[in-house]
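The next block holds one structure in the form of structure tokens; read it before the comments.
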Amino acid sequence: MSGKTHEKDLCEHVMELARRRGFFWQSYEIYGGVAGFYDLGPLGVRLKNKIVELWRRYFIQQHQDIVVEIETPIIGPAKVYEASGHVEHFTDPIVECLKCGRKFRADHLVEDKLKIKVEGMSVDELTKIIREHGITCPICGGELSEVKLFNLLFKTIIGPYSENIGYLRPETAQGMFVNFKKVYEIMRKKLPLGIAQIGRVARNEISPRQGMIRLREFTIAEVEFFFDPEDPDENGILSKYMSERAKSKLLVITAEARKRGEEKPEEFSLEEMVREKIVATPWLAYWMAVAKEFVEALGVPGHNIVFEEKLPEERAHYALQTFDQLVKVSRWGWIEVSGHAYRTDYDLSRHMKYSGQDLRAFKQFEKPKTIKKKVVVVDKAWLGRTFRSRAPEIMKLLEQISVEEVERAIVEGKPIKINEFEIPPDRIRIVEKVEKITGRHFLPHVVEPSFGVERLVYVTLEYAYSVKENRVVLKLPRYLAPIEVAVFPLVQDERLVKLAKELYRKLVEAGFYVVYDDSGSIGRRYARVDEIGVPVAITVDFETIENGTVTLRDRDTWRQVRVGIDKVVEAVRKFIYEGAKLEELGQPVGGG
RNA sequence: GCGGCGGUCGUCUAGCCUGGACUAGGACGCCGGCCUUCCAAGCCGGUGAUCCCGGGUUCAAAUCCCGGCCGCCGCACCA
């Protein structure tokens, strides 16, 4: 499933365009550049912001009754990432073969060779074991280096004390988990609840390549979606949303199919995904459908979007099931643009344990349940008088004895023996207590759709890139265009220039991003704005002076219509944000 | 991290093997002017290169050698 060579230069063209026109470029270029870091230029920032805005529309605005957005720090204390499992699971002990240069997981190597458990063993201990047992490179037999730890987390120090370690977050997710209880309360304790965040993350990749595709610092847009695992369709919310997307179809390669060696994806409707248990929980499928719709809105055709289920060994430590959303790109074949993980209650349970805080949700039963319960009651006054300072100890021991055992002793009239102590049956009795339970405490489960935004920027550009009559035309979806309108006077005639500048002002005041250009020939100016994806170019010509109309030119068809100058703002809005066809906006212009 | 290949104006590139006339050439772009009544037209002028960085060899290095950085590909690694 890898990209083949004949399409290769598309990526190069996109990268070249991105550099030349200011979408993005490698960071720190004047110092030779650093791998895995990219800068966004003026157009790149606008495009990224628009993509993020679109993401918000799909994941938050359309789900505003159940999803809210927060923002949390990039740096977190060590404890948070110990709890999340990243300190442990993002750290691999690695040995390198001094002869062939291959690297191996040191722990796996030792476990395989010696059949012993080495979990939790230090680097030095592992090195020692390797040396003592003369373990060598399993491939070439060469000598092995010392064991080194490799952790993808960027480490830093919080404040002046070096022991106060912090980590840069490798995902925004922990910000949501840490804040779950608070947001849950703010949202008046309703489930399901999605908490979204868009922000920078950092991962110290060993050797990042592939330009914008694999970065050491990038932007993630993700939702941690919390729901009651025993009642995912609480209040019919799941059903409501599912029915809204009933027509959604997803191309999926299941883990099972992959194990069979299958490479072709199978198409499932959203309903089939759930009914045939392709997904471990229905919400996972639902958010996959939203994710696909969103990626389509970036300009990727549905047949180039596939969900691939990860094999157990490929999954992150927190996931019970994971699907990657893959998009086909020219150079690298199928690349992941989002991950959809069923994180269960892993994160909340870990934070509960590490923080000591109760992070459980509470759900009231419709009717409180009453439970009859037998309780052992001791004559505490007697107990205290008799055993004095040892009484509390006995109380504790008594709790560990089952009610049935005590009951039996009472019935038989025998004393209850607890270690060396004896309690006569008349000092103890069984009481039936009625307990009222109004609801249940539980840890919500979580599904997580998570997007790499820079990848989306790249994918969007690549799918928009086209060549027409030897000119580059960036056919971005209109609503994503960094610059929305261009205004040109046909030639540098004072009257036309004046009118064009007025129109420019008017469009700017209406809220659009507009370029004005009166240099060179009109054709050159059209070409320049085509290349950065400006959807519509407006030209003020001599007819404008006569009858107050201007031409609107469609980037994709190069066709033109004439529109009254006073109707331009509305026409542009309709064209860019309401999907109107050019021909609906005014009178067609012949020729040109 | 290992191996292979590569790195020259904003972009694409000539030159590198065979060191010297290279003050590094061209094209496109970009800027200014002229021209121009709708698709990168034309003319004039201009701008623009740490020849990736550092060291070495040499009288002399874009060119040869070594080290590093960065990129691409393969391996390894990888939410």
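So you know, we letter chains A, B, ... as the sequences are listed, proteins then strands, and number each from 1. No experiment lies behind these values; they were computed from the predicted model shown. When reading the values below, keep in mind they use all heavy atoms of this one structure, side chains included, and skip hydrogens, waters and symmetry mates.
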Counting only side-chain N and O atoms of A:R21, is one of them less than 4.0 Å from OP1 or OP2 of B:U11? no
If only side-chain N and O atoms of A:Q26 are considered, is one of them under 4.0 Å from the OP1 or OP2 phosphate oxygen of B:G71? yes
Would you kindly give the CG-to-C1' distance between A:D493 and B:C34, to the nearest whole Å? 16 Å
Counting only side-chain N and O atoms of A:R528, is one of them less than 4.0 Å from OP1 or OP2 of B:C30? yes
Could you tell me the separation between the CZ atom of A:R524 and the C1' atom of B:G33, rounded to a whole number of Å? 14 Å
In whole angstrom, what separates A:D517's CG from B:G32's C1'? 14 Å
Please give, in whole Å, the distance from B:C69 P to A:I30 CD1? 19 Å
What is the distance from CG of A:L499 to P of B:U37, rounded to the nearest Å? 17 Å
Any A:W332 side-chain nitrogen or oxygen under 4.0 Å from OP1 or OP2 of B:C73: yes
For A:R471 and for A:H340, locate the closest nucleotide of RNA chain B by heavy-atom distance; then report the residue assigned to the nucleotide nearer the 5' terminus. A:R471
Counting just side-chain N and O atoms, does A:R19 come under 4.0 Å of either OP1 or OP2 of B:U11? yes
Considering residues, nucleotides and ligands other than A:F542, do more than 12 of their heavy atoms fall under 6.0 Å from its CZ? yes
Is the number of heavy atoms from other residues, nucleotides or ligands within 6.0 Å of NZ (A:K498) greater than 12? no
Under 30°, 30 to 60°, or over 60°: which ring-plane class applies to A:Y504 and A:Y516, parallel, tilted or perpendicular? perpendicular
Ignoring backbone atoms, test whether A:S521 places a side-chain nitrogen or oxygen under 4.0 Å from the OP1 or OP2 oxygen of B:A41. yes
Got a donor-acceptor pair under 3.5 Å from the side chain of A:Q560 to the base of B:C38? yes
Between P on B:G29 and CG on A:L17, what's the gap in Å once rounded to a whole number? 15 Å
Just say parallel, tilted or perpendicular for the rings of A:F294 and A:F451, cut-offs at 30° and 60°. perpendicular
According to the salt bridge (charged side-chain N to carboxylate O under 4.0 Å, His left out) rule, which pairs have a member within residues 27-37 of chain A, sequence neighbours left out? A:R19-A:E29
